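Everything quoted here is computed from the prediction, not taken from an experiment.
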Amino acid sequence: MQSEEKARRVIQFIECLKHTKGEFHGQPFKLLPWQEQIIRDVFGTVRDEDPTIRQYTTAYIEIPKKQGKSELGAAIALNMLCNDDEWRAEVYSCASDRQQAAIVFDVAVDMVKQSPALSKRIKIIPSTKRMVYQPTGSIYQVLSSEVATKHGLNVSACIFDELHTQPNRALYDVMTQGSGDARKQPLWFFLTTAGTDRNSICWEVHQKAIDILEGRKDDPRFYPVVFGLPDDADWTDEKNWYKANPSLDQTITIDKVRDAFRKAQETPADENMFRQLRLNQWVKQSVRWMPMDKWDECSGVVNEYELEGRPCYAGLDLSSTSDLTAMVLVFPPRDEEEQYIIVPHFWLPEETLQLRVRRDHVMYDKWERQGFIHTTEGNVVHYAAIEQFILQLGERFNIREIAYDRWNATMMVQTLEDDGFTMVPFGQGFRDMSPPTKELMRLVLERKLNHGGHPVLRWNMDNAFVRTDPAGNLKIDKEKSTEKVDGAVALVMALDRALKNANSGASVYDDRGFLII
């Protein structure tokens, strides 16, 4: 629900401030369209159940350099200090070191000095990088990544500058885990450029923002904005520069970006700097493996009734007793015109489903209602229920083999063997994983695969990162893949068994049975 009154109050406060840098120094802070949209959304969106409280507690704004991040961050900090109706508010600027954290603070100081009304009410203490709004006893303080003394803060607002430079997640955890519980409507406002480390806290938050923007996750308290080019975009195309830089030709001229581009063409290091800082691309690290536009092109109609009795091969990723379990069936083509058909199944414990939705912000409950995830009774995966389900699958389909991770074998594997299934242990190293992983990519690119558009499998594929060894072999890397990839692993294992049995020579009796003469 939108409150024009609340949004307008913050916009009017900010636009009473003045710019602090360069040719804009002393001019009124007129919000640019993208800045005003963020302010309207963050401060004007209220909760349906209580319209006095903001909906969003976290805003993540990822944007290239020279777009006006510091000025916007300083204006928001002053608003939270003076204009948020919070008695004894505690507002903090955080960054990787004290000097970086002071950038937003110093801009705020200059804004205060240019405002007679604020100068009368705010006491600035330069030596400690602190200011006090005397009417309410509120403080604005600079913090850095030395977190030993930061516990016990009662945060009302935190302006986190350049999250991508954090050496670890320690300061992020201290500032976000329970530090604002005593406040009515605390706000964490992240302003950052893209980074280079895809194993960092910034990448984790960035990935959550992208997942929400693209509909893979839902968190009503998290507001994501990402200005930047995708990994596969043409970074040399000037038209794309405008897509990534909403303040281009306003806070920075196109000529300056062209100068930086010419330099970027000279060395790989300069190219990476240009793509990271000017186009907001995450560079230097591995990228998601599967091109999802190509994956989506393989989304045809799968009629399971037409598959009954047909030979197929399965991959089973049992995971842990409380995690996502996946089984994927691969039906090989019967002639050159047919595609590989994929039928996945997923299981989660019923009692922990809602907890996972709240904790992981993944739409397990929606997928469960739609029939894309099965639940088993209790708070751990009930292997007996899964075994019974697999038995029923075996009655419908001709499951020739089931591949499983040999390092995660359980009693269930022995039980399925006793039930008559052929269980094939499958290593997770480069030797076993590389051939079917490469073949899966080929099948997707050539559209020789039909996965039916299963949303959970798509989510798993989109999460998958791959690791490459010096010989050029590759495998899905569960460590780099920060979200679930169980379905992707199960698909690779099942495809391997289908490929290795492709020339084994299926019998006509597999489909029609014996004839008695």
Side-chain angles (χ1 to χ4, degrees), residues 302-305 307-331 341-360 362-426 428 451-452 454-461 463 478 483-494 497:
V302 173
N303 188 334
E304 293 190 21
Y305 293 104
L307 298 173
E308 291 184 353
R310 273 184 56 175
C312 63
Y313 299 85
L316 179 62
D317 191 327
L318 293 172
S319 300
S320 67
T321 57
S322 61
D323 217 333
L324 187 69
T325 290
M327 181 174 182
V328 176
L329 302 178
V330 172
F331 293 81
I341 298 177
I342 311 302
V343 177
H345 292 278
F346 296 87
W347 292 268
L348 274 175
E350 184 177 29
E351 290 184 8
T352 63
L353 185 70
Q354 293 301 324
L355 172 64
R356 287 178 173 276
V357 172
R358 294 193 300 269
R359 185 190 66 189
D360 302 336
V362 176
M363 295 178 286
Y364 294 121
D365 54 345
K366 177 181 177 182
W367 289 333
E368 190 267 340
R369 290 194 301 271
Q370 294 174 335
F372 295 117
I373 284 181
H374 312 291
T375 56
T376 62
E377 292 184 1
N379 58 7
V380 296
V381 173
H382 197 302
Y383 285 143
I386 296 177
E387 176 201 345
Q388 189 62 36
F389 192 94
I390 294 174
L391 283 173
Q392 294 172 2
L393 290 177
E395 293 174 358
R396 296 183 62 196
F397 310 117
N398 182 359
I399 303 176
R400 296 288 185 81
E401 295 178 355
I402 301 178
Y404 66 93
D405 181 357
R406 62 162 65 100
W407 298 110
N408 200 27
T410 65
M411 286 290 293
M412 182 177 171
V413 173
Q414 182 62 54
T415 304
L416 288 172
E417 285 186 336
D418 293 342
D419 290 331
F421 290 101
T422 301
M423 305 299 293
V424 180
F426 196 94
Q428 302 297 296
H451 50 68
H454 196 286
V456 186
L457 181 60
R458 185 191 190 281
W459 175 57
N460 281 198
M461 294 303 301
N463 291 334
K478 288 190 175 183
E483 298 284 0
K484 302 301 180 188
V485 294
D486 310 83
V489 172
L491 172 55
V492 168
M493 291 194 293
R497 302 317 305 161

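Of the residues Arg458, His451, His454, Met327, the one that meets the side chain to side chain contact (heavy atoms under 4.5 Å, CB included) test with Pro344 is His454. Checking each of Ile386, Thr376, Asp486 against Thr325 for a side chain to side chain contact (heavy atoms under 4.5 Å, CB included) leaves exactly one that passes, namely Ile386.
When every heavy atom of Ala488 is checked against every heavy atom of Met461, the shortest pair comes out as CB-SD, 3.4 Å. Taking each heavy atom of Gly315 and Ala494 in turn, the nearest pair found is N-CB, 3.2 Å. The nearest pair of heavy atoms linking Phe372 to Pro455 is CD1-CG, 3.5 Å. Minimum heavy-atom separation, Pro349 to Gly378: CB-O, 3.6 Å. In terms of heavy atoms, Thr422 sits closest to Arg400 at CB-O, 3.5 Å.
Note that OG1 of Thr415 and CD of Gln388 are 11.5 Å apart. Values are rounded to the nearest 0.5 Å. Rounding to the nearest 0.5 angstrom, the gap separating the CD atom in Glu395 from the CD1 atom in Ile390 is 12.5 Å. Remark: Leu329 CG to Asn398 CG distance equals 11.5 Å, nearest 0.5 Å. Annotation: the span from Arg497 atom CZ to Tyr313 atom OH amounts to 8.5 Å, rounded to 0.5 Å. For the atom pair CG of Leu353 and OH of Tyr364, the computed distance is 9.0 Å after rounding to the nearest 0.5 Å. Atom NZ of Lys484 sits about 7.0 Å away from atom CG of Leu324, to the nearest 0.5 Å.
For the pair Gln354 (side chain) and Thr352 (backbone), a donor-acceptor distance under 3.5 Å is absent. Between the Thr375 side chain and the Glu350 main chain, no donor and acceptor come within less than 3.5 Å of each other. At distances below 3.5 Å, not a single donor-acceptor pair connects side-chain atoms of Asp317 with backbone N or O atoms of Ala326.
Annotation: side chain of Phe397 is in contact with side chain of Glu308 (closest heavy-atom distance under 4.5 Å). Pro311 is not listed as a side-chain neighbour of Phe331, based on a closest heavy-atom distance of 4.5 Å or more. Counting heavy atoms from C-beta outward, Ile342 and Val330 have side chains that approach closer than 4.5 Å. The closest side-chain heavy-atom distance from Val343 to Leu393 is not below 4.5 Å. A heavy-atom distance below 4.5 Å is found between the side chains of Arg310 and Ile341.
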(request) May I have the step-by-step check of side-chain contact (heavy atoms from CB on, under 4.5 Å) for Leu316 and Val413, ending in yes or no? (result) CA-CA 10 Å; Leu316 179 62; Val413 173; 5.6 Å; no

(request) Apply the test side-chain contact (heavy atoms from CB on, under 4.5 Å) to residues Gln428 and Met493: give CA-CA distance (whole Å), side-chain angles for both, the deciding distance (0.1 Å), then the verdict. (result) CA-CA 9 Å; Gln428 302 297 296; Met493 291 194 293; 3.6 Å; yes

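Below 30°, between 30° and 60°, or above 60°: for Trp367 and Trp459 the angle between ring planes is between 30° and 60°, a tilted geometry.
Around atom CD of Glu377, no more than 12 heavy atoms belonging to other residues, nucleotides or ligands sit under 6.0 Å away.
Here Phe389 and Trp347 bring their ring centres to under 6.0 angstrom of each other.
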